[in-house]
Amino acid sequence: MKTEVISTIRMEDAGTTLGAELIQNGGLVAFPTETVYGLGANGLDGEAVNRIFEAKGRPNDNPLILHVAKKSDVTKLWAHVPKLAKSLMDTFWPGPLTLIFMKADEVPYEVTAGLETVAIRMPSDKTARLLIQKSGVPIAAPSANRSGRPSPTTAEHVLADMDGRIPLILDGGPCRYGVESTVLSLVGEPTILRPGAVTREMLEAVIGPVRLAPSILNPLGESEVAASPGMKYKHYAPDAEVHVVEGDPKPAAKRIRALYYAYEAEGKTVAILGTEQTMQSYRNLNAYSLGDRDEPETLCTNLFSLLRDVGAHCDVILAEGVDTANTGLAFMNRLLRAAGFSRETV
Ligand code: TXA
Ligand code: MG
């Protein structure tokens with residue numbers, strides 16, 4: 001299969017019309033969102049949804065998110081309205097917040113991987129919304145990477161993973177946030193299953209106390225498998241091995257320098273992912289800045305892209321850990337998973 005790439009910056013109308021035709025005919029389309037690129041199919045067609053799992057090599061017990069173009073589209077997809085839903089949707093939709101509800105009968109089990117719950121989000125990206133609207137159905141879409149790889153934040157990343165596997169990629173340029181949406185379960189106590197740009201602090205300002213799933217900064221415990229199926233798989237792994245050093249910036253940078261020379265002495269190619277605050281300490285070393293520790297959203301925007309690009313050219317990546325307040329939590333959640341929890345604190 002030949003994979004066509006259409007720039008929606010130049011040809012949004014033609015690109016989304018072609019994309020919508022493919023979706024209506026049971027095909028797959030990769031498209032930009034404000035978080036990461038998604039790989040979409042008709043979310044009401046179980047067979048079309050199965051093609052997503054094939055193209056990604058995704059385990060079929062990991063459920064997908066349904067993307068809607070307007071708030072009222074959820075009423076056909078949920079079984080009943082949880083009491084906190086309205087204020088959350090009014091505050092954070094459209095945007096990077098996925099909500100988990102009890103599902104309506106119309107939602108196929110292929111989407112929910114057999115669960116009675118369904119994940120739904122309304123993206124703020126204009127191209128994504130136009131594609132959904134023209135398709136006339138909710139679009140089921142995971143991140144458009146091969147399973148286990150870092151999520152794609154550019155059309156080039158999607159092409160690297162999906163060339164020859166899907167007919168169309170809509171190229172809307174780099175994604176604004178760079179990490180996937182916050183996943184908040186409204187089934188039972190409000191619980192964040194995956195942190196994102198809509199932070200715990202922001203959610204609590206609207207609905208009061210919100211729990212964090214314990215697996216966010218730790219490997220998954222046995223009892224959690226049912227709550228967030230996606231968490232049990234290897235995630236975000238670049239071609240290189242990743243090791244995380246947490247702690248105050250100065251001692252962390254010192255330890256990273258020492259590790260850098262130790263790996264080099266073993267004959268390995270090493271790269272450092274530092275921050276604006278520490279780049280000085282890595283002069284003359286193969287180091288890249290993730291962004292500003294005081295603005296962790298900058299770290300989120302650059303993480304996946306650096307893991308892919310830098311990881312393709314080295315054996316070991318040494319990365320700095322940061323504080324987990326606000327969007328620091330989403331950053332550390334993805335970084336620790338990319339590292340397979342290889343971490344130390346100085
Ligand atoms: O930002 C995003 O959310 C991107 C863009 C494309 O919208 N999508 C995305 O999808 O990240 P994916 O499939 O890579 O991640 C979906 C996550 C997985 O961790 C999955 O286990 C969880 O949401 N999930 C989906 N449905 C669920 C459900 N019913 N119960 C619990 N977790 C669910
Ligand atoms: Mg994913």
Side-chain angles (χ1 to χ4, degrees), residues 28-41 43 49 52-53 55-68 77-79 92-104 107-125 127-129 131-132 138-153 157-158 161 170 172 175-188 191-198 213 215-216 220 224-237 300 304 330 333-334 337-338:
L28 303 185
V29 178
F31 62 98
T33 83
E34 69 279 19
T35 57
V36 300
Y37 275 74
L39 180 59
V49 169
I52 296 178
F53 287 87
K56 277 187 62 106
R58 179 174 173 116
N60 61 7
D61 63 347
N62 191 4
L64 307 178
I65 296 171
L66 286 182
H67 296 68
V68 296
L77 305 173
W78 63 22
F92 299 109
W93 281 14
L97 176 66
T98 295
L99 297 172
I100 296 191
F101 307 106
M102 293 305 293
K103 82 174 200 65
V107 177
Y109 283 113
E110 284 86 351
V111 170
T112 69
L115 297 176
E116 293 303 328
T117 54
V118 61
I120 306 177
R121 99 174 181 94
M122 176 181 175
S124 61
D125 184 275
T127 303
R129 290 240 299 283
L131 177 69
I132 304 164
I139 294 188
S143 47
N145 49 284
R146 289 278 293 163
S147 195
R149 299 263 298 145
S151 300
T153 57
H157 296 162
V158 179
D161 280 17
L170 298 179
C175 300
R176 173 174 167 199
Y177 293 109
V179 293
E180 309 88 337
S181 62
T182 304
V183 178
L184 179 72
S185 174
L186 293 180
V187 177
T191 304
I192 294 177
L193 303 182
R194 180 178 73 184
V198 173
S215 59
I216 284 174
L220 188 75
E224 270 193 280
V225 171
S228 49
M231 293 287 202
K232 72 171 181 277
Y233 294 106
K234 187 174 157 198
H235 261 94
Y236 315 126
C300 289
F304 286 144
N333 168 267
R334 307 310 192 276
R337 288 195 148 61

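What you see is a predicted model, and the numbers here were worked out from it, not measured in a lab. One-based numbering, in listed order, for ligands and for the atoms of each.
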Could an N or O of ligand 1 be found under 3.5 Å from any N or O of [X], whether backbone or side chain?
X      : answer
Arg121 : yes
Thr33  : no
Ser181 : yes
Ser143 : yes

Checklist line | For ligand 1, the portion of Thr117 having any non-hydrogen atom under 4.0 Å away | finding: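 Both backbone and side chain of Thr117 come within 4.0 Å of ligand 1.
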Notebook entry, point to check: With backbone taken as N, CA, C and O and side chain as the heavy atoms from C-beta onward, which portion of His235 lies under 4.0 Å from ligand 1: side chain, backbone, both, or neither?
Noted result: neither
Just jot down the ligand 1 atoms closer than 4.0 angstrom to any heavy atom of [X], in number order.
X      : result
Ile100 : 27 (C), 28 (C), 30 (N), 31 (C), 32 (N), 33 (C)
Leu193 : 31 (C), 32 (N)
Arg58  : 12 (P), 13 (O), 14 (O)
Leu64  : 25 (C), 26 (N)
Thr35  : 1 (O), 2 (C), 4 (C), 5 (C)
Gly38  : 6 (C)
Pro63  : 20 (C), 21 (O), 24 (N), 25 (C), 26 (N), 27 (C), 28 (C), 33 (C)
Ala141 : 8 (N), 10 (O)

Quick one, [X] and [Y] - any side-chain contact, counting heavy atoms below 4.5 Å?
X      : Y      : value
Val111 : Leu66  : yes
Val183 : Ile100 : yes
Thr191 : Leu184 : no
Arg334 : Phe304 : yes
Val36  : Val179 : no

Next item on the list: Taking salt bridge (Lys or Arg N to Asp or Glu O under 4.0 Å) as the test, write out the residues that go with Arg121, two or more places apart.
Entry: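 Once residues adjacent in sequence are excluded, the partners of Arg121 under the salt bridge (Lys or Arg N to Asp or Glu O under 4.0 Å) criterion are Glu34.
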Polar contact flag, side-chain donor to acceptor under 3.5 angstrom, [X]-[Y]:
X      : Y      : result
Ser151 : Glu180 : yes
Arg129 : Ser124 : no
Ser181 : Thr98  : yes

Margin query: Tell me every residue that passes ring-ring contact (aromatic ring centres under 6.0 Å, His included) with Tyr177, counting only those two or more places apart in sequence or in another chain.
Written below: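 In terms of ring-ring contact (aromatic ring centres under 6.0 Å, His included), with neighbours along the sequence ignored, Tyr177 is linked to no residue.
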Item checked: Under the ring-ring contact (aromatic ring centres under 6.0 Å, His included) test, residues paired with Trp93 that sit two or more places apart ->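 Not a single residue meets the ring-ring contact (aromatic ring centres under 6.0 Å, His included) criterion with Trp93.
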Next item on the list: Spell out the protein N/O/S atoms under 2.8 Å from the Mg ion (ligand 2) as residue plus atom name.
Entry: Ser143 OG
Note to self: When you measure from the heavy atoms of His67 to every atom of ligand 1, does any distance fall below 4.0 Å?
What the structure shows: yes
Notebook entry, point to check: How far apart are the closest heavy atoms of Thr35 and Cys175, and which atoms are they?
Noted result: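 That closest heavy-atom pairing would be O-CB, 3.2 Å.
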Check: Once the angle between the rings of Phe31 and His67 is folded into 0 to 90°, is it parallel (under 30°), tilted (30 to 60°) or perpendicular (over 60°)?
Finding: perpendicular
